[in-house]
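For the numbers below, each heavy atom of this structure counts, side chains included, while hydrogens, waters and symmetry mates do not. The model shown is predicted, which means the values in this text are computed figures rather than measured ones.
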Amino acid sequence: MSTVASPTTTDAPAAPSLTSVFVRLKLSLLRNGLRQSGGRTAAYVLSSVFGTLLSAVLILVFVLLRGESGAYPVAVLTVGVTALSWAVMPLFVPGGDETLDPTRLVMLPLRPRPLVRALLVASLVGIGPVLTFLLSVGAALSLAHGAAGTLVAVLAVPLTTLTCVALSRAVAAANVRLLTSRRGRDLALLSGLIIAVGMQVVNFGAQRLSRAGGLESLEPAAKVVGWLPPAAALGAVDSASVGDHAVAAARLLLTAAMLVALVYWWQRSLVRLMVEPDGSTIGAAGDAGAGEKDGGGRLGRILPDGRTGAIMERSLRYAWRDPKTKAAWVSSLAIGLIVPLFNVYQGVGSVYWACFASGMLGVLMYNQFGQDASAFWMVAQTISTTADAFVELRARILAVLSVTVPYTVLVTVLTAAVLGAWSRLPGALGLALGLLGAMVGTGAVTSANFPYSIPQDSGYKNVAPGQAGLAWISIFGGMFSGAVLCSPLIAVTLYLHFSDRESLLWVLLPAGALYGALLVLVGLKLAAPRTAKRLPEILAAVSKG
């Protein structure tokens with residue numbers, strides 16, 4: 001009996017794994033991106049070559065340190081700094097890797113766990129992960145001894161690389177809505193400041209290291225960082241090499257637990273990003289409505305009533321919301337604190353270094369109208385007389401002083417506390433307040449006489465084309481005038497020091513405060529009529545960019 005064969009059905013081809021799809025997608029995007037322009041290709045090639053050479057040099061240094069007492073602190077701290085860089089990189093370079101932006105995958109039917117696995121593997125494709133891997137290999141080579149150390153190193157190197165990449169992606173996913181908003185662009189604009197501050201920290205650390213007499217001075221910091229993932233994985237290599245297998249296992253488990261926690265955090269962020277609506281605009285609208293109901297919010301309640309309070313609130317909100325103004329404020333506040341403290345920590349400074357903060361903060365008063373850019377035309381509609389200009393400038397000065405005066409006091413007190421020079425605190429504070437008043441007063445005058453536009457379409461240009469001369473005259477001319485105006489206080493300070501009458505330095509505190517207030521009032525009196533008279537020219541100058 002013959003049987004009738006049923007129609008054969010061809011099996012559908014198995015779908016490729018999501019991980020391989022994402023890896024191929026990443027490679028295709030990188031390849032197509034490099035084909036777009038020769039400049040982009042050249043930049044990628046140069047960065048690859050430079051990174052490879054840097055990695056080779058670091059590996060050579062690690063090999064030379066093998067067996068030395070300083071190998072452990074250098075290896076552990078280097079990996080710790082690398083991990084910190086991976087953590088902050090998404091915050092300061094939000095557009096650094098658009099190929100892995102999770103918001104592009106919102107409409108795809110993908111489950112969170114396979115998606116995270118695919119994204120993690122695809123994230124390993126690139127210059128950064130390869131350099132991190134090579135750096136970890138070099139650090140492990142400097143620490144691994146014996147079979148146990150080598151075995152742990154084989155586990156620690158990929159674990160370190162995966163943890164760094166997962167840390168970066170988890171931070172990016174948790175803050176993706178922030179990084180694509182105005183606040184994210186503000187944060188990216190401030191990255192230059194963070195780099196500058198970091199360079200000061202590195203410089204300070206290098207000087208301390210040179211005076212301490214060797215790499216062994218890093219041992220206390222390395223003991224702490226050696227228990228923080230992913231540097232703990234490299235610490236496990238050292239522990240296994242010296243026979244402390246229990247500590248090595250604990251450090252490896254700690255790093256692995258950190259990796260699992262980061263992946264879980266990343267997965268939760270992706271779920272929240274893809275299934276929850278973005279309510280940022282709703283929240284903003286609700287906050288705005290609340291502000292209108294209670295009369296402007298907390299800031300409005302603590303400021304004076306009337307026009308003065310409104311102008312102060314506008315100036316302070318500009319300092320918080322406008323990227324260029326915020327960058328200027330944060331730069332002055334941070335550098336004004338760092339430079340005095342770093343100098344006194346190094347033993348080359350005095351309590352009078354606090355006056356550096358006064359100089360940095362006083363510059364914030366310069367080019368007040370240029371900070372408004374084209375929006376200054378609305379302010380100009382409210383100024384028709386000298387009295388109107390006086391109120392406008394007075395409120396702007398009060399807004400600046402409401403932050404700079406307390407901050408100057410704080411920096412001076414901290415500088416005196418570090419040095420233990422409490423007897424010289426009144427004199428230094430009086431001189432700092434006098435210098436601040438001189439800078440603010442001259443800033444009001446230069447704002448009226450030498451206004452210039454600050455371009456808003458570029459994060460790197462602070463002066464419109466053709467106005468560089470005005471900017472130089474405004475800033476450096478005003479700073480020189482402020483120093484000259486403060487010379488009486490400087491002369492009195494020097495006299496009291498050289499005549500062995502330091503017990504009278506307290507007189508400088510009320511004298512400096514009153515003298516600074518007098519200079520502010522004089523500058524305001526001179527700038528108000530000039531502002532009212534030159535209002536059309538000021539409007540044209542600040543709207544140029």
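Heavy atoms of other residues, nucleotides or ligands lying less than 6.0 angstrom from CH2 of W227 number more than 12.
Of the options I397, V403, T404, L398, a side chain to side chain contact (heavy atoms under 4.5 Å, CB included) to V400 is made by T404 and by none of the others.
The ring pair (Phe, Tyr, Trp, His ring centres under 6.0 Å) pairs that include a residue from residues 387-428 number zero, where partners must be two or more places apart or lie in different chains. For residues 528-540, the side chain to side chain donor-acceptor pair (under 3.5 Å) pairs, not counting sequence neighbours, are N449-R530. Residue pairs meeting the salt bridge (charged side-chain N to carboxylate O under 4.0 Å, His left out) criterion with at least one member in residues 426-451: none, sequence neighbours excluded. Residue pairs meeting the salt bridge (charged side-chain N to carboxylate O under 4.0 Å, His left out) criterion with at least one member in residues 328-341: none, sequence neighbours excluded.
For R268, the side-chain contact (heavy atoms from CB on, under 4.5 Å) partners at least two apart in sequence or on another chain are Y264. Listed by chain and residue number, V522 satisfy the side-chain contact (heavy atoms from CB on, under 4.5 Å) test with L518 (two or more places apart in sequence, or in another chain). Residues passing the side chain to side chain donor-acceptor pair (under 3.5 Å) test with Y352, sequence neighbours excluded: H497. Shown here are the side-chain contact (heavy atoms from CB on, under 4.5 Å) partners of V379, two or more places apart in sequence or in another chain: R314, D372, F376, T382, I383, E392, R396. For R501, there are no salt bridge (Lys or Arg N to Asp or Glu O under 4.0 Å) partners at least two apart in sequence or on another chain. Under the side chain to side chain donor-acceptor pair (under 3.5 Å) criterion, S423 pairs with no residue at all, not counting sequence neighbours. A513 is linked by a side-chain contact (heavy atoms from CB on, under 4.5 Å) to L433, counting only residues two or more places apart in sequence or in another chain. In terms of the ring pair (Phe, Tyr, Trp, His ring centres under 6.0 Å) criterion, F356 has no residue partners (sequence neighbours excluded).
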